[in-house]
Structure formats: structure tokens, C-alpha cells
Amino acid sequence: MEKYARLRDQVSKLTGAQLVEAPPASDTQILYAHDAHYLIRVLEGKLNPEEQKEIGFPWSEKMVERSRRSAGATVAAAKAAFDDGIACNLAGGTHHAYRNRGSGFCVFNDSAIAARTLQKEINPKLQIAIIDLDVHQGNGTASILEHDASIFTLSLHGENNFPFQKESSDLDIGLPDGCNDEMYLDTLQNALDQLDNRFKADCVIYLAGADPHEGDRLGRLELSKQGILKRDQAVFQYALDRKLPLAFSMAGGYGKDLESTVDIHFQTIQTALQFQAQY
Ligand SMILES: [Zn+2]
């Protein structure tokens, strides 16, 4: 959890970035992606011990508030991106949350909530691409949006990593353990080309996980910091070339050294600023 405070500290000193308090997602917005019974049980602290254990942290009023704001921040970033080109959530990327259950530190699925909220509150015809480059598969996102042709889910992840039972995204690419920069970037370019051939996106939601980094405790891949820079550039360039609003979230990052994780997230934000200036 500490990475979020440190990242916020660093971003607050950055010129050109405007920091805004995360608004909570409303019940209505959460229900665009979640089951009402699940939402009520989260709000009232009535998940059973197994469900709570699957999420990975204990229930509290603050946990509910944090989960609401983490989703609300992605909604706010997605809306801001329509004015500013690029905007981000300094947390979020809670892609393991399913329609009716949480998992892997994820309570509400911010990407699915934000995508659906854009359609409900901005334009019902919006087509949205979710590009999930966290090292873990976006299983919750894939499951929630499986039968939704208006939202394209792309997940590039470690094949042998959690979740061990994968769901079907619109495009899934599983990478082998030890995958290096060159292989990763080739695969990513290929994935973006496929996305382009199969889907006409009006905007992008990007999960910029720091956990593909070689210094990550959970990642199992071997991307350098420079490799992750090129990854981010590839996604931002994809959006910029098509003038697509892009909102991104931090998603995972569990460095052996906390500072290296914060550094990678911060690098993504600095890169975003360079691209944002070109919109
Ligand atoms: Zn992850």
C-alpha cells in the first residue's frame, strides 16, 4: 500500500500534472459492472470469511471507501481524458474483481465500471478498448465484459502466473516466464496491430502495471525499466496516432525494492505527460 503515498508525493512535485482528489464511484456506477447483491454485502460488511480472504484484506468502512474512490478515480480519469487527452488514476487497475466477487486485492473492477460509465454518462455508442498490461491476466474484466462487443478487452500477461484459471478476453496473450524486453515489445506491437484490425476504439483504458519488471517479486518476467518505458510509449503512441482519449491506472507492482516500483509508476506518468502535450 505504501507505494501509493510515495507516488502521490512524487507526482505532487511534478510540473504540468494536475492532482485532483478521487471522487467515490456511486452505487449506480458500480452497478454497471457489479451484481447488486455483491455490492450490498460489500457495503454492509457481510461477505463471508472465504470471500473476504479471497480479496486479501479485512473489511472495514475505510476499505469500502477506498474501493469506491479507487473505482471513482478511473471514472474521473476516463472523463478527464476526453478534455485533456490523457489522465490517470494513481491507484486502480483492480482487474481481478468479478461481477459478484472480489479477488486478489480487488473489490470493484474500476476499468469495467469506468468503461460502462462512459457509455451511460457520455455517449452510449462509445467503443472502448481496455489494454491490460499488468503481468496478471485481467480475468475479472474479461468475465464481466465477455458478452459486450462494445468494449474490447486485451490482456498481455504471464501465462504461468496468477490467476491460474484464465478467463477469455477478446485478445489474450500469455507470455512465458523470463520474457525479456525484445520478446515483450514484439508481442505487444503484434497485439496492438490485432486490436486495430479487429476493433474501432473511441477511447482507451490502459492498465500500466509495474509488475512485468525484472525486480518484481510476483511478476516472473524480465522487463527492464527501459523496456517498460518502451511499452508505455507504444500504448501512448497507439492512442495519440488515433487521437484517442486515454485513461490509465497503476495496477500491480510489488518490487523487491519498493522504490523501484514507485520509480516505474512515476516513469509512466512522466511519459504520459510528454504524450499529453501532443494532443
Ligand atoms: Zn498484477
Side-chain angles (χ1 to χ4, degrees), residues 1-4 6-7 53-57 66-67 70-71 73-74 88-98 101-114 130-145 153-169 171-181 184 187-188 191 205-225 227-229 231-232 235 247-269:
M1 297 296 276
E2 198 188 331
K3 74 172 183 179
Y4 297 112
R6 292 218 201 169
L7 181 64
K53 190 169 165 234
E54 176 67 23
I55 289 173
F57 39 64
R66 185 179 182 284
S67 303
S70 189
T74 299
C88 85
N89 176 355
L90 294 182
T94 44
H95 58 172
H96 300 310
Y98 280 73
R101 66 184 169 93
S103 175
F105 310 122
C106 304
V107 178
F108 302 133
N109 194 306
D110 62 319
S111 302
I113 291 169
I130 298 178
I131 300 177
D132 187 340
L133 302 187
D134 186 278
V135 83
H136 302 101
Q137 196 212 21
N139 56 339
T141 318
S143 167
I144 292 169
L145 301 170
T153 54
L154 186 171
S155 179
L156 189 59
H157 50 261
E159 184 61 29
N160 302 318
N161 213 321
F162 177 91
F164 301 108
Q165 189 169 348
K166 309 280 192 283
E167 300 290 340
S168 293
S169 312
L171 177 57
D172 281 300
I173 299 175
L175 298 161
D177 291 359
C179 174
N180 62 14
D181 290 352
Y184 187 96
T187 309
L188 173 59
I205 295 174
Y206 170 37
L207 288 79
D211 47 13
H213 185 245
E214 58 196 350
D216 198 84
R217 283 181 290 123
L218 308 178
R220 305 171 79 134
L221 305 189
E222 299 288 337
L223 266 73
S224 67
K225 189 180 167 192
I228 293 190
L229 171 66
R231 172 199 75 169
D232 292 339
V235 177
F248 66 103
S249 57
M250 297 304 112
Y254 316 92
K256 292 170 195 133
D257 166 26
L258 177 72
E259 224 36 67
S260 81
T261 299
V262 174
D263 243 28
I264 290 164
H265 287 314
F266 190 59
Q267 172 179 261
T268 301
I269 290 161

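Because the structure is predicted, anything quoted here is derived from the model rather than measured. Start at 1 and go down the list; that is how both ligands and their atoms are numbered.
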Name the atoms and distances for all side-chain donor-acceptor pairs under 3.5 Å in residues 248-259, with sequence neighbours left out.
from: S249; atom 1: OG; to: G93; atom 2: N; distance (Å): 3.4
from: D257; atom 1: OD1; to: E259; atom 2: N; distance (Å): 3.2
from: E259; atom 1: OE1; to: R6; atom 2: NH1; distance (Å): 2.1

Between K166 and D172, does a salt bridge (charged side-chain N to carboxylate O under 4.0 Å, His left out) hold up when you go through it step by step? CA-CA 9 Å; K166 309 280 192 283; D172 281 300; over 6 Å; no

Decide yes or no on side chain to side chain donor-acceptor pair (under 3.5 Å) for S224 and D181, but give the supporting numbers first. CA-CA 7 Å; S224 67; D181 290 352; 2.5 Å; yes

Near the Zn ion (ligand 1), which protein N/O/S atoms fall under 2.8 Å? D134 OD1, D134 OD2, H136 ND1, D211 OD2

Partners passing side-chain contact (heavy atoms from CB on, under 4.5 Å) against E167 (at least two apart in sequence or in another chain): Y98, Q137, N139, A142, S143

Can you sort out the partners of S168 under side-chain contact (heavy atoms from CB on, under 4.5 Å), two or more places apart, ordered by chain and number? E146

I'd like to check H96 versus P163 (side-chain heavy atoms, cut-off strictly below 4.5 Å). Are they in contact? yes

